[in-house]
Asks: 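One structure follows; several queries about it will come next.
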Amino acid sequence: MHIWLGLVLLLLLTTQFSTGSSMVRNTGSISSLIGVHFSVGFVLFAVGLVHAYYGLGLWFFGFKYAKKKDIRNSAL
């Protein structure tokens, strides 16, 4: 989950940067992109906090990755 959150975080950072830079380059697009830029900022902050929580947990607090279940030995 930590790795997937990192990939989502990278995608959100790219989106945040691209909307911000397009608003700076084209001042006419500010009114149409400000809502997207603002929303992506909130989602970026939330995903960043969860990603940091898992990262610090794995690094300092002994969180463990879950082992894959062996389907061959499971009783059906």
Side-chain angles (χ1 to χ4, degrees):
M1 184 168 167
H2 180 68
I3 294 170
W4 287 108
L5 283 173
L7 294 174
V8 170
L9 196 60
L10 181 64
L11 179 67
L12 287 170
L13 279 171
T14 305
T15 305
Q16 186 78 351
F17 179 76
S18 65
T19 56
S21 63
S22 66
M23 286 191 307
V24 167
R25 281 184 277 137
N26 185 7
T27 56
S29 69
I30 289 176
S31 62
S32 63
L33 288 178
I34 193 72
V36 174
H37 188 73
F38 196 69
S39 300
V40 170
F42 275 122
V43 174
L44 177 69
F45 182 72
V47 171
L49 283 178
V50 174
H51 182 69
Y53 171 75
Y54 280 114
L56 290 172
L58 288 168
W59 191 267
F60 292 111
F61 303 119
F63 289 5
K64 302 261 189 257
Y65 286 110
K67 293 182 180 179
K68 291 184 179 180
K69 294 181 180 178
D70 192 9
I71 297 173
R72 292 175 288 163
N73 294 333
S74 64
L76 296 175

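Each residue takes its place number in the sequence, starting with 1. Just so it is clear, the values below take in all heavy atoms, side chains as well, and ignore hydrogens, waters and symmetry mates.
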Asks: Check the hydrophobic clustering (I, L, V, M, F, W, Y; side-chain heavy atoms under 4.5 Å; chains of links allowed) and say if Val47 and Val36 are grouped together.
Replies: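 Both belong to a single hydrophobic cluster.
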
Asks: Roughly how far apart are Ser18 OG and His37 NE2, rounded to 0.5 Å?
Replies: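 Output value for this atom pair is 9.5 Å.
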
Asks: Quick check: closest heavy atoms across Ser31 and Ile34, and the distance to 0.1 Å?
Replies: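 It is O-CG2, 3.9 Å.
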
Asks: How many angstroms lie between OG in Ser39 and CG in Leu44, if you round to the nearest 0.5 Å?
Replies: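 Going from the OG atom of Ser39 to the CG atom of Leu44 covers 12.0 Å.
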
Asks: When clusters are formed by joining ILVMFWY residues with side-chain heavy atoms under 4.5 Å apart, either directly or through shared neighbours, do Leu13 and Phe17 land in the same one?
Replies: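 Different clusters: Leu13 never reaches Phe17 through Ile, Leu, Val, Met, Phe, Trp or Tyr contacts under 4.5 Å.
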
Asks: Just by modelled atom types, is the Thr19 backbone N or O under 3.5 Å from a matching donor or acceptor in the Ser22 side chain?
Replies: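 At least one qualifying donor-acceptor pair exists.
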
Asks: State the CD-CZ distance between Gln16 and Phe38, to the nearest 0.5 angstrom.
Replies: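 Spacing of CD (Gln16) from CZ (Phe38) equals 10.5 Å.
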
Asks: Consider side chain to side chain contact (heavy atoms under 4.5 Å, CB included). Of Leu10, Val40, Val43, which one does Thr15 pass it with?
Replies: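 Output: one option passes, namely Val40.
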
Asks: Inspect the surroundings of CG in Leu7 and state if more than 12 heavy atoms from other residues, nucleotides or ligands are less than 6.0 Å away.
Replies: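 Count over threshold, so yes.
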
Asks: Do you know which of Leu5, Val8, Leu9 makes side chain to side chain contact (heavy atoms under 4.5 Å, CB included) with Val50?
Replies: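 By the side chain to side chain contact (heavy atoms under 4.5 Å, CB included) criterion, Val50 pairs with just one of Leu5, Val8, Leu9: Leu5.
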
Asks: Is there a continuous path of hydrophobic side-chain contacts, each under 4.5 Å between heavy atoms, that joins Leu58 to Phe60?
Replies: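 Cluster IDs for Leu58 and Phe60 match.
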
